[in-house]
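Comments concern the structure below.
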Amino acid sequence: MSNALPVLRKHPELDGKKFLVGIGASKCGTSWLYRYLQSLPEVTVSPLKEVHFFDRKHSKYAVEPIDTMSLRRVEQYLGANVDLVKQLERNPHFQASIDRLQMMYDDNAYLSHFARICEDTTKTLVDITPAYAVIGESGFREMQHYCNSQNALLNIVFIMRDPVDRLWSQLRHTQQRNPDVDVAKEWSDMICDQAIIKRADYRATIEALDEVFPQYQVSYLFYENLFSEETHRDICRIADAEFKAADTDTRHNETTVKLPVSEEILERFRELLEPQYHYCKQRFGDALPSAWSG
């Protein structure tokens with residue numbers, strides 16, 4: 001892989017805009033954050049909840065091949081009994097899915113996508129892709145390069161959740177997506193999967209962010225506080241939006257597979273994730289939610 005940063009076209013629509021990029025481990029509330037930001041008049045979110053542009057180039061820890069997901073999404077439209085011309089004219093998700101295909105071979109397609117959806121009233125453009133948490137220093141440097149090329153301000157929002165609770169939720173969600181998986185029997189093998197365990201390494205993500213961005217460009221949120229008015233006000237401030245009361249009753253992408261966690265699993269998870277608790281306690285001090293169990 002070449003370390004050279006791509007030469008990018010200037011998109012006047014993006015000049016002076018803010019890019020809010022949401023990252024995080026799986027099951028940290030990013031689906032709720034996406035919906036909340038979508039409701040703010042000053043904010044334009046990509047119709048694709050997860051764009052998966054920078055992780056395609058800078059991560060080898062995808063749960064499934066990213067380009068395959070993009071192709072499958074378009075194939076679903078092509079295989080449906082619908083008027084494709086009208087769909088392409090009127091359906092923002094279909095349009096964005098076509099944009100995403102172009103990102104497979106055109107470095108400029110990411111910026112072109114956001115320039116296309118940017119409106120006169122847009123202050124902030126949003127890409128919520130949790131998998132960016134594992135793109136490392138090189139990925140974050142390229143992300144910064146993309147925004148700098150447009151005179152746009154980048155702000156990263158990294159959401160974290162109690163490491164043990166989050167990991168167990170992720171494993172249950174894996175079973176929900178693939179009923180052939182039996183988490184109760186396979187959990188010990190699953191936590192050896194690098195695609196899973198890398199997303200639990202908060203320290204690696206934070207240290208990569210520290211290497212690239214000044215503190216004012218990175219905001220840290222905690223899932224345990226995500227549904228409080230104080231956090232909603234923080235989100236609106238980050239997004240340069242007027243405060244709007246949030247729907248705190250509706251959960252998005254909630255895990256429906258409900259399995260109790262055994263003491264054996266808890267003990268193994270705590271042992272595995274103890275370094276993350278230790279690091280986060282040192283890093284965030286009293287700001288760390290008391291609900292964290294480590």
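Source: prediction; values computed, not measured.
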Whether Phe227 and Tyr223 hold their rings parallel, tilted or perpendicular, with breakpoints at 30° and 60°: perpendicular
Same apolar cluster: Leu167 and Phe222, side chain cutoff 4.5 Å: yes
Side-chain donor or acceptor of Lys244 paired with backbone N/O of Ser39 under 3.5 Å: yes
Shared hydrophobic cluster, Met103 / Leu88 (ILVMFWY, side-chain heavy atoms < 4.5 Å): no
Pairwise side-chain contact, Asn225 with Glu230, heavy-atom cut-off 4.5 Å (strictly under): no
Salt bridge (charged side-chain N to carboxylate O under 4.0 Å, His left out) against Lys10, all qualifying residues, sequence neighbours excluded: Asp15
Working for side-chain contact (heavy atoms from CB on, under 4.5 Å), residues Val21 and Tyr146: CA-CA 12 Å; Val21 178; Tyr146 268 72; over 6 Å; no
Arg141 with Glu137: basic N within carboxylate O range, under 4.0 Å: yes
Partner residues of Tyr105 under the side-chain contact (heavy atoms from CB on, under 4.5 Å) criterion, sequence neighbours left out: Gln102
Val157 and Leu20: CA distance, side-chain angles, deciding distance, side-chain contact (heavy atoms from CB on, under 4.5 Å) verdict: CA-CA 7 Å; Val157 174; Leu20 191 160; 3.9 Å; yes
Donor-acceptor pair, side chain of Gln217 and main chain of Ile156, under 3.5 angstrom: no
Exam field: side chain Tyr34 to backbone Val126, donor-acceptor pair closer than 3.5 Å: no
Heavy-atom donor-acceptor pair, Tyr202 side chain to Arg161 backbone, under 3.5 Å: yes
Arg72/Gln76 under side-chain hydrogen bond (donor to acceptor under 3.5 Å, both in side chains): CA gap, chis, key distance, verdict: CA-CA 6 Å; Arg72 186 180 300 126; Gln76 289 173 348; over 6 Å; no
Identified side-chain hydrogen bond (donor to acceptor under 3.5 Å, both in side chains) counterpart of Asn91 within the set His93, Gln87, Glu89: Gln87
Cluster link Ile196 to Met160, ILVMFWY, side chain under 4.5 Å: yes
Point-to-point distance, once rounded to the nearest 0.5 Å, from CG of Asp55 to CD of Glu50: 8.5 Å
Distance in Å, Glu229 CD paired with Cys236 SG, rounded so as to fall on 0.5 Å steps: 10.0 Å
Glu186 side chain to Asp182 backbone, donor-acceptor under 3.5 Å: yes
Heavy-atom side-chain proximity of Leu84 to Phe94 below 4.5 angstrom: yes
Min side-chain heavy-atom separation Arg283-Asp210 under 4.5 Å: yes
Sidechain-backbone polar pair: Trp32 side chain, Asp247 backbone, donor-acceptor under 3.5 Å: yes
Backbone of Val51 reached by a side-chain donor or acceptor of Thr129 within 3.5 Å: yes
Value rounded to 0.5 Å, distance of CG in Leu221 from OG1 in Thr30: 11.5 Å
From CZ (Arg172) to CH2 (Trp168), nearest 0.5 Å: 7.0 Å
ILVMFWY network linking Met69 to Phe54, side-chain heavy atoms under 4.5 angstrom: no
Test: Arg268 and Glu264 ion pair at under 4.0 Å: no
Any donor-acceptor N/O pair, Gln150 side chain to Leu14 backbone, under 3.5 Å: no
Linked, directly or transitively: Leu78 and Ile98 (ILVMFWY side chains, under 4.5 Å): yes
Rounded distance [0.5 Å steps], NZ in Lys198 versus OG1 in Thr205: 10.0 Å
Straight-line distance of Thr121 OG1 to Lys123 NZ, nearest 0.5 Å: 10.0 Å
Tyr220 and Phe284 aromatic ring geometry - parallel, tilted or perpendicular at 30°/60° bounds: perpendicular
Residues which pass salt bridge (charged side-chain N to carboxylate O under 4.0 Å, His left out) with Lys18, listed by chain and number, not counting sequence neighbours: Asp240
Exceeds 12 heavy-atom contacts within 6.0 angstrom, atom NE2 of His145: yes
What side-chain donor-acceptor pairs closer than 3.5 Å can you find for residues 110-119, not counting sequence neighbours?
residue	atom	partner	partner atom	Å
Tyr110	OH	Asp127	OD2	2.8
Ser112	OG	Arg9	NH2	3.4
Ser112	OG	His11	NE2	3.1
Ser112	OG	Asn108	O	3.0
His113	ND1	Asp99	OD2	2.8
His113	NE2	Ser46	OG	2.9
Arg116	NE	Asp99	OD2	2.9
Arg116	NH1	Gln95	OE1	3.1
Arg116	NH2	Asp99	OD2	2.6

Chi angles and distances behind the side-chain contact (heavy atoms from CB on, under 4.5 Å) call for Leu48, Arg73: CA-CA 11 Å; Leu48 303 177; Arg73 189 162 48 215; 3.8 Å; yes
Worked check of side-chain contact (heavy atoms from CB on, under 4.5 Å) between Ile197 and Leu272: CA-CA 10 Å; Ile197 208 61; Leu272 176 69; 3.4 Å; yes
Cluster companions of Tyr216 among Ile, Leu, Val, Met, Phe, Trp, Tyr (side-chain spacing under 4.5 Å): Leu153
Shortest non-hydrogen contact from Ala241 toward Val43: CB-CG2, 4.4 Å
Pairing residues for Leu101 by the side-chain contact (heavy atoms from CB on, under 4.5 Å) criterion, not counting sequence neighbours: Ser70, Leu71, Val74, Met104
Donor-acceptor under 3.5 Å (His232 side chain, Leu226 main chain): yes
